[in-house]
Structures are given as C-alpha cells and as structure tokens.
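Take a look at the structure below.
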Amino acid sequence: LKVYLDNAATTQLDEDVIDYMHQLMLNNFGNPSSIHASGREAKVLVEQARNKIASILKVSPAEIFFTSGGTESINTIVSGVLLSSEISKVISSPIEHAAMLKSLEYNCKANDVELFMLDVDEAGQINLIELEEEISKTKGKVLVSLMHTNNEIGTLLPLNDVSDICRKFNALFLSDTVQSMGKLPVDLSDGILDFAIGSAHKFHGPKGVGFMYINGENKILPLLQGGSQERNMRAGTENTISIAAMAKAFEIAIASMQENTEKLIELKNYLIHRIESELPEITFNGHIHGLPNLINIGIPKTDNNEMLLMKFDINGIFVSGGSACSSGALMDSHVIKAIGKNNIIRPIRLAMSKFTTKNDIDSFLEVLKKI
Ligand SMILES: Cc1ncc(COP(=O)(O)O)c(C=O)c1O
C-alpha cells in the first residue's frame, strides 16, 4: 500500500510533462546564450515559457524571471529589495515558510532594518487593522511580506485587502505564492503585488526550477553575480528544459484547475465528515476551507504518540507533520506554535493532488484508526 498525501512538499510529475521533457532532452541541448542555431532554439524555448507564464498571470513577459525555485526567488527578492530601496521596516508574520523567515532575518540584520512580526489568530490569519497601524506609524518605506496560502495549515491571505493597505501607504508588497500558483487563480494584471513567486515542483513540474514576478516599476539588484542571463537579474546558464517543462505544467494546472478544485473539495468534505463522525477527538488546524487540496488535523498529544509519522510511513501512508523531520518523530512546527496549539496536539498535514482518490482517503483513515 502506498498512499502519497504529501503534495505540499512536492508533487508527482505530470506524464505529459515527462514526455515533453524527454523530447526536449533528446533534441534541444543548446545554451540559450549561444548565437548559433542550436542556441537560438534553446532561447526560443525559454522565451516561449516566459510568454506562457506571463500570459497566465496577465503580466508582461519582462516581469518574469527564471530561478532554481521558491527559495532562490525569495532570497533574490528580499536581498535585492533591501539592497536597492531605502526600506525602514519589514512587516511579516510568524507562519511564513522557513525560506522567507530566514531570508528576512538574515537580510534585515545585514542591512540594519527593523523586522516586525504581526500576530496571527488561531486560523493563522493576520489582523488587517494591526497591519495598517504598523505601516502608518513607520517613517520611511515599508516592505510587507505575507504569504498568499500557508503550506501547513492552508490559511488564505485576503490579497486584495492587503494590497489596498500597501498601496495606500506606498509600501512594497511581496507575497509567497508558491502554494497557490496552479491551485488558485492568481491574476496580477492590476499590479496588486510588487513581487510573487512560483516553484514548478508544487504543480506537477520538475524540481529545482521556479520563477519570480517583479513588477516593472521595481528595479532591484540581483543575488547572483555572473553572466547577463535573465536581463541581468539571474546569472547562470538557464535550466532550459526544466523552464519549458514548468511552463507546460503550469498551463496544464491552470486548464484543469476548476475540475481539480471541485474534486479536491469533494474529497476534503468526505474526509472532514468521516473524521467528525468516527474520530471526534481529532481537531482541525488552521483554515479548513482555505487551500483546496490541504487539510491539517490535530491528534491529541500523548507521551506515546510521538512516532506517529513513522507509523504512518510503515503502513504505506506518506504524510507530514509540517516542518522537516529526520527521525520519524514529529518535530515541532513553527506554524502550529504560532497558532497556539503546540502543547495540545500533534499535527498531521494531508496535502492531496489531482491524483488522490477516495480510496487513498479511506486507506488513510483506516491506518489512522489503527495507530
Ligand atoms: C510556501 C512555500 N514557500 C517556499 C517554498 C520553497 O520552495 P522550493 O522548494 O522551490 O525552494 C515552499 C516549498 O517547500 C513553500 O511551500
């Protein structure tokens, strides 16, 4: 039995994407910086991918830059903004991904900029009034960094409301959109964000490739020094085949989004219903009706249920507790701590995908009851 319910960590490659990559690997190995025909073919691949992604997000292709994934995009933007603009305060929240939290801490310290963390409630939601007050009392420019959808508890940020507040005070707005790209509609046409992020392996594309959206109004310094690839924003030979594959995976995800979302919500409601009626001691963490593919359940904490993840693994169920874990025991999650539940529950994150079936959910519940 193998039931993969860890699609927030990574997803299985789409078969059409594998076929496409295979063809490209056989036929297209040029370096897009070469001026001969082989290089020009590779360049066309990269530019077609940029056009596809830009048209889905309704932005200009000049605002899309390719990177090695979410972590690099975050680090490039955070370090670039703090080096290039006169930022006097960064405002964020304790439930951001480690890539964001650590990059903010590092770069704020290096540039002597104040980092302010908003409070979050039990569902992981920030208070918009607190955000507005904090920006309004700051002298100088503010960078707001708040994720669109949380990768552990599914909390959704009201993107438009946060954007309105940022625009009112001329603050820059960065949103980690890694978990929403390909799963929720993201329309950047009216400039609601200054910076957004995508990572292909979260939407059935390959690992180690991603993109960043940098609104054309913003000019920031690059993280990597070297060649002039990506219009001087990201040095290094482009990962051409993965970039092309990412655009393909993104197109597939967008085309099938509505159908996938309906199926995922149905599976989620089925799971919630069965847990509520058969396992009433189990609670739900965060925003149950947030990210459609994700649900985080809380198992009452006892001394002898520490090795839960390992027990699921032995029984062929692949789930996660949230943050990285190496021993089979559940490591404390900074997100579960931030919503004040760390002392009472052990969290299990179930992240489904278009490949998840009702049988998978039944198998998960069977093992959950057994262990
Ligand atoms: C919300 C969020 N941000 C950033 C990342 C990092 O992305 P990547 O794995 O492409 O570096 C992840 C993935 O783990 C994520 O879930």
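Quick note: numbers below take in every heavy atom, side chains included, and nothing from hydrogens, waters or symmetry partners. Position 1 is the first residue of the sequence; numbering continues from there. As the structure is a computational prediction, the values presented were derived from the model and not from experiment. Counting convention: from 1, in listed order, for ligands and their atoms alike.
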Task: Ionic contact status for Asp14 with Lys354, cut-off 4.0 Å - done: yes
Quick look: Thr71 vs ligand 1, heavy-atom contacts under 4.0 Å, and the answer is both
Do you reckon Ile77 sits in the same ILVMFWY cluster as Leu146, going by side-chain contacts under 4.5 Å, direct or chained? no
for atom 3 (N) of ligand 1, nearest protein heavy atom and its distance come out as Asp176 OD2, 2.7 Å
If we number the atoms of ligand 1 from 1 as shown, the ones under 4.0 Å from a heavy atom of Gly69 are 10 (O)
request  = Compute the ring centroids of Phe364 and Phe312, then answer whether they are less than 6.0 Å apart.
outcome  = yes
- Message: Suppose we call two aromatic rings close when their centres sit under 6.0 Å apart. Are Phe250 and Phe203 close by that rule?
- Response: yes
Of all protein heavy atoms, the one nearest atom 16 (O) of ligand 1 is Gln179 NE2, 2.8 Å
Is ligand 1 less than 4.0 angstrom away from at least one heavy atom of Lys202? yes
For Val178, the ligand 1 atoms with a heavy-atom partner under 4.0 Å come out as 2 (C), 3 (N), 4 (C), 12 (C), 15 (C)
the protein heavy atom lying closest to atom 9 (O) of ligand 1 turns out to be His201 NE2, 3.0 Å
#### Entry: Lys/Arg N to Asp/Glu carboxylate O, Lys43 vs Glu47, below 4.0 Å
yes
Q) Would you say Ser92's side chain and Ser145's backbone share a donor-acceptor pair under 3.5 angstrom? A) yes
Please report whether ligand 1 has a polar contact with Gly70, defined as an N or O pair separated by less than 3.5 Å (distance criterion only).
yes
Note: Ser199, heavy atoms under 4.0 Å from ligand 1, region reported as side chain
**Message:** Side chains of Asn260 and Ser256 only: does a donor on one sit below 3.5 Å from an acceptor on the other?
**Reply:** yes
The protein heavy atom nearest to atom 15 (C) of ligand 1 is His97 CD2, 3.3 Å
Per-atom filter on ligand 1: closer than 4.0 angstrom to a heavy atom of Met147 are 1 (C)
(message) Any donor-acceptor pair under 3.5 Å linking the side-chain atoms of Ser85 with those of Lys141?
(response) no
